[in-house]
Number of protein chains: 2
Amino acid sequence: MLPPAKRITHQREIILQKLRSVTSHPTADELYMTVKEHLPRISIATVYRNLEWLVANGLAQKIEVSGRPKRFDGTVQPHYHVRCQMCGKVEDAVLAPLEDINSRAEKYTGYTICGHSIEFYGICPACSHDQKNSAHR
Amino acid sequence: MLPPAKRITHQREIILQKLRSVTSHPTADELYMTVKEHLPRISIATVYRNLEWLVANGLAQKIEVSGRPKRFDGTVQPHYHVRCQMCGKVEDAVLAPLEDINSRAEKYTGYTICGHSIEFYGICPACSHDQKNSAHR
DNA sequence: ATAAGTGCAAACGATTTGCGACCGC
DNA sequence: GCGGTCGCAAATCGTTTGCACTTAT
């Protein structure tokens with residue numbers, strides 16, 4: 001199903017464009033910073049509202065994991081994420097989607113399963129490097 | 001490794017006991033309510049502090065998913081969860097832990113992977129029933 | 001005595017909301 | 001002109017923190 005193609009306001013457009021131009025899964029606040037460069041008068045509320053709108057209309061994904069601030073993703077294909085436990089960075093984990101586990105879960109839980117998310121957690125290369133350097137102290 | 005068996009204060013004990021007595025993955029606040037029945041003067045801060053302590057000492061698990069309030073689990077064995085998108089309830093999904101995907105992810109991401117969490121999302125039996133009943137309107 | 005743990009209230013960060021102004025059809 | 005959207009400020013929610021007071025050892 002194609003997106004309902006409703007109103008695309010200027011701010012909505014810029015937000016989506018900025019979101020698509022990065023691979024860093026920014027938080028609403030981070031996005032607000034960069035969007036503000038082009039639309040200095042935009043408010044953080046607008047960013048939140050439009051991000052939710054984009055998600056609701058299938059133009060973006062929300063990664064709401066780990067208590068931390070929600071992150072957003074301009075890619076809509078299902079994929080998994082890895083989070084660094086030290087610096088909080090989130091990256092994509094390129095693994096083939098495990099389709100079969102949905103039906104398994106459905107069977108065992110009685111829920112109507114719509115999907116699943118997998119988050120790997122660990123230490124990113126940069127942080128594990130830092131860790132070695134400061135092992136003493 | 002057995003828990004460090006440090007201080008077990010009265011409030012700590014009650015909190016763990018209450019947490020273990022339910023399967024509902026309560027939030028800190030929900031737990032606070034029930035613990036207060038036994039310890040009327042306990043503060044919410046103590047509940048938060050002790051839940052973190054229990055997690056740090058391997059006596060409980062934190063389920064921090066979906067932006068929503070963190071939930072806690074008195075079971076420490078690794079297992080997955082299903083969340084109802086309508087009522088927010090979290091239940092266990094009895095699926096054998098997928099051990100192999102950790103090493104796969106490690107290979108692809110370059111991270112040192114410590115583990116992963118899977119959350120299925122969908123509609124619980126109760127809510128899908130309600131949905132039918134209120135289909136009109 | 002001292003180190004750890006507590007209750008309270010205030011602080012915090014992320015997000016949401018109410019509202020009057022505004023913009024595009 | 002009207003409905004949808006915006007910017008702003010205030011409100012909310014979950015959680016954390018500073019601090020002075022207890023409590024177990």
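This one's a predicted model, so the numbers in the text were calculated from it and none came from an experiment. By convention in this document, chain letters (A, B, ...) are assigned in the order of the sequence lines, proteins followed by strands, and residues within each chain are numbered from 1.
- Atom C1' of nucleotide C/dA14 and atom CE of A/Met33 are separated by 13 Å, given to the nearest angstrom.
- Residue B/Tyr121 is not grouped with residue B/Ile63 when hydrophobic side chains (ILVMFWY) are merged at heavy-atom distances under 4.5 angstrom, including chains of intermediate members.
- Judged by distance alone, with hydrogens and angles left aside, the side-chain atoms of A/Gln61 form a donor-acceptor pair with the main-chain N or O of A/Gln77 at under 3.5 Å.
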For nucleotides 17-25 of chain D, 5' to 3', base contacts (B), sugar-phosphate-only contacts (S) and non-contacts (-) with protein non-hydrogen atoms under 4.0 Å give BB-------
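- When the C1' atom of D/dC6 is taken as reference, atom CG of A/Leu39 falls 11 Å away, rounded to whole Å.
- The two atoms that bring A/Arg83 and B/Tyr111 nearest to each other are C-CE2, 4.1 Å, heavy atoms only.
- A straight line from CG of B/Asn50 to P of C/dG5 spans 8 Å, rounded to a whole angstrom.
- Between the CG atom of A/Leu51 and the C1' atom of C/dA14 there is a distance of 13 Å, rounded to whole Å.
- Atom CG of B/Leu16 is separated from atom NZ of B/Lys18 by 12.5 Å, given to the nearest 0.5 angstrom.
- Between B/Asp92 and B/His25 the shortest side-chain heavy-atom distance falls below 4.5 Å.
- The distance from the CD1 atom of B/Ile15 to the CG atom of B/Asn50 is 4.5 Å, given to the nearest 0.5 Å.
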Which protein N or O atoms sit under 3.5 Å from an N or O of nucleotides 12-15 of chain D?
from: D/dT15; atom 1: OP1; to: B/Lys70; atom 2: N; distance (Å): 2.9
from: D/dT15; atom 1: OP2; to: B/Tyr48; atom 2: OH; distance (Å): 2.5
from: D/dT15; atom 1: O5'; to: B/Tyr48; atom 2: OH; distance (Å): 3.2

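- The CD-P distance, from A/Glu30 to C/dG13, rounds to 15 Å in whole Å.
- One can place OH of A/Tyr32 at 8 Å from P of D/dC8, the figure rounded to the nearest angstrom.
- No donor-acceptor pair under 3.5 Å is formed between the side chain of B/Asn57 and the backbone N or O of B/Leu59.
- When the side-chain nitrogen and oxygen atoms of B/Thr46 are compared with OP1 and OP2 of C/dT6, none of them lie within a distance under 4.0 Å.
- The distance between atom CZ of A/Arg41 and atom C1' of D/dC6, rounded to the nearest whole Å, is 10 Å.
- Considering CE of B/Met33 and CD1 of B/Ile44, their distance stands at 7.5 Å, rounded to 0.5 Å.
- Separating the CD atom in A/Gln11 from the NE2 atom in A/His38 is a distance of 13.5 Å, to the nearest 0.5 Å.
- In this entry the distance linking CD of B/Glu13 with P of C/dG5 reads 14 Å, nearest Å.
- Listed pair A/Thr9 / D/dC6 meets the phosphate criterion, a side-chain N or O lying under 4.0 Å from OP1 or OP2.
- The nucleotide whose nearest atom lies closest to any side-chain atom of B/Ile42 is, among C/dG7, D/dC6, C/dT6, C/dG7.
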